[in-house]
Amino acid sequence: MGLKEDKWILQKALHEQMIVPFCENQMSRGVISYGLSSYGYDIRVSDEFKIFTNINTTVVDPKDFQLSNTIDFRGNVCIIPPNSFALARTIEYFKIPRNVLAICVGKSTYARCGIIVNVTPFEPEFEGYITIEISNTTPLPAKIYANEGIAQVLFFEGDCDCEVSYKDKNGKYQKQQGITLPRIVE
């Protein structure tokens with residue numbers, strides 16, 4: 001299994017619609033870069049955000065998540081309060097092949113500002129928009145720019161198909177369309 005180069009990603013994106021929409025070139029003038037890179041793909045954050053708030057003084061519980069923990073925001077720039085957190089989603093829709101695992105890491109432009117991006121692995125045969133977790137670790141408000149780069153996806157191709165894919169397991173986040181909050185399968 002190895003990191004996949006831009007030609008492999010280009011082929012999968014164009015012929016198998018692995019990434020839609022797909023930007024064949026890295027866009028970087030005047031924006032936080034996005035698009036095809038040397039060994040991965042820089043994803044963009046949409047203009048939809050769920051910003052965590054303590055207005056209702058509830059507890060964040062992954063087994064019983066309350067919508068009152070967040071406020072919805074839509075716009076070209078999202079301000080995340082100091083020491084706070086937001087959820088967002090990608091502009092790109094993904095269809096991961098059965099023999100591929102993708103790992104996502106934050107972009108250095110944001111990391112150098114104390115903004116940490118976390119995304120769990122894209123398992124084989126995952127399909128959907130990606131929910132992005134954004135932490136502002138600073139004591140200052142932080143700007144997130146919609147429609148620009150937020151993280152880089154690295155693709156790893158296995159020598160064979162996985163035995164059980166995310167689709168086979170009926171993954172609880174399969175084909176998610178928007179920002180998806182925590183779920184527990186009962």
Side-chain angles (χ1 to χ4, degrees), residues 1-29 31-50 78 80 85-136 144-162 164-169 171-182:
M1 185 188 306
L3 189 66
K4 299 320 293 180
E5 71 284 344
D6 60 356
K7 290 178 187 167
W8 178 90
I9 298 165
L10 179 62
Q11 175 197 6
K12 293 284 187 185
L14 296 178
H15 295 87
E16 297 179 33
Q17 295 190 316
M18 183 174 75
I19 305 169
V20 176
F22 180 75
C23 184
E24 288 186 44
N25 300 307
Q26 189 160 57
M27 308 304 288
S28 60
R29 290 193 81 77
V31 298
I32 298 172
S33 63
Y34 63 88
L36 187 62
S37 62
S38 302
Y39 281 94
Y41 190 87
D42 290 1
I43 57 176
R44 293 173 287 173
V45 63
S46 77
D47 65 353
E48 300 171 38
F49 299 87
K50 288 191 179 293
C78 175
I80 301 177
F85 183 80
L87 295 174
R89 74 164 178 87
T90 57
I91 288 175
E92 295 85 3
Y93 188 90
F94 286 85
K95 292 181 184 174
I96 303 300
R98 191 172 180 93
N99 66 332
V100 172
L101 174 72
I103 304 291
C104 191
V105 294
K107 293 187 67 63
S108 62
T109 301
Y110 278 123
R112 292 165 198 233
C113 295
I115 299 165
I116 307 302
V117 175
N118 182 52
V119 177
T120 57
F122 306 3
E123 293 188 44
E125 288 197 312
F126 167 82
E127 181 180 333
Y129 291 98
I130 304 299
T131 296
I132 304 166
E133 301 89 16
I134 308 166
S135 295
N136 175 6
I144 305 298
Y145 292 91
N147 304 306
E148 295 188 21
I150 190 77
Q152 184 178 54
V153 180
L154 305 172
F155 299 91
F156 297 88
E157 182 179 35
D159 295 332
C160 59
D161 287 355
C162 67
V164 179
S165 74
Y166 195 74
K167 181 179 178 181
D168 296 339
K169 295 186 287 187
K172 61 185 172 183
Y173 300 114
Q174 184 73 327
K175 295 188 179 181
Q176 61 190 9
Q177 292 297 309
I179 299 169
T180 306
L181 297 172

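Numbers here are sequence positions counted from 1. Reckoned from all heavy atoms, side chains included, excluding hydrogens, waters and symmetry mates.
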Asks: Heavy atoms, side chains only, cut-off 4.5 Å: are Phe85 and Ile134 in contact?
Replies: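 No, every pair of side-chain atoms sits at 4.5 Å or beyond.
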Asks: Flag the pair Asp42 / Lys107 as yes when at least one side-chain heavy-atom distance between them is below 4.5 Å, and no otherwise.
Replies: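 Yes, close enough: below the 4.5 Å cut-off.
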Asks: Quick check: do Ile43 and Ile150 have side-chain heavy atoms less than 4.5 Å from each other?
Replies: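 Answer yes - side chains close enough.
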Asks: Output, in order, the C-alpha distance, side-chain angles, deciding distance and verdict of salt bridge (charged side-chain N to carboxylate O under 4.0 Å, His left out) for Glu148 and Arg44.
Replies: CA-CA 5 Å; Glu148 295 188 21; Arg44 293 173 287 173; over 6 Å; no
Asks: Between Tyr129 and Tyr93, how do the two ring planes meet: parallel, tilted or perpendicular, split at 30° and 60°?
Replies: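 Ring orientation of Tyr129 relative to Tyr93: perpendicular.
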Asks: Within the distance-only criterion (no hydrogens, no angle test), does the side chain of Glu92 pair as donor or acceptor with the backbone N or O of Phe22 below 3.5 angstrom?
Replies: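 The answer is no, because no donor-acceptor pair under 3.5 Å joins these two groups.
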Asks: Taking all atoms of both residues into account, what is the closest heavy-atom pair of Glu125 and Ser165, and its distance?
Replies: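 Closest pair (atom of Glu125, atom of Ser165, distance): OE1-OG, 2.6 Å.
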Asks: Would you check if Ser46 and Thr90 make a side-chain contact, meaning some heavy-atom pair closer than 4.5 Å?
Replies: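 Contact flag for Ser46/Thr90 side chains = no.
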Asks: Check whether any side-chain N or O of Ser108 sits under 3.5 Å from a backbone N or O of Ala111 as a donor-acceptor pair, and report yes or no.
Replies: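 Flag not set: sc Ser108 to bb Ala111 has no pair under 3.5 Å.
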Asks: Do Phe94 and Val20 have side-chain heavy atoms sitting under 4.5 Å apart?
Replies: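 Not in contact.
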Asks: Using the side chain to side chain contact (heavy atoms under 4.5 Å, CB included) criterion, which residues pair with Gln176? Sequence neighbours excluded.
Replies: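 So Gln176 forms a side chain to side chain contact (heavy atoms under 4.5 Å, CB included) with Phe126, Thr131, Tyr173, Thr180.
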Asks: I would like to know whether Asp168 and Arg98 meet salt bridge (charged side-chain N to carboxylate O under 4.0 Å, His left out); could you show each step before the answer?
Replies: CA-CA 10 Å; Asp168 296 339; Arg98 191 172 180 93; 2.6 Å; yes
Asks: Is the side chain of Asn136 donor-acceptor paired with the backbone N or O of Ile80 at a distance under 3.5 Å, no angle test?
Replies: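 Indeed, once roles are kept as given, a pair shorter than 3.5 Å links the two residues.
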Asks: Using modelled atom types and a 3.5 Å cut-off, is there a donor and acceptor pairing between side-chain atoms of Gln177 and backbone atoms of Lys175?
Replies: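 At least one qualifying donor-acceptor pair exists.
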Asks: Take Glu123 and Lys169, measure what salt bridge (charged side-chain N to carboxylate O under 4.0 Å, His left out) needs, and give me the verdict at the end.
Replies: CA-CA 11 Å; Glu123 293 188 44; Lys169 295 186 287 187; 3.0 Å; yes
Asks: Measure across Ile96 and Val100 and return the closest heavy-atom pair with its distance rounded to 0.1 Å.
Replies: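 What the structure gives for the nearest pair is CG2-O, 3.3 Å.
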Asks: Quick check against the 3.5 Å criterion: does Tyr41 have a side-chain atom that pairs as donor or acceptor with the backbone of Cys23?
Replies: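 Between the backbone of Cys23 and the side chain of Tyr41 there is a qualifying donor-acceptor contact (under 3.5 Å).
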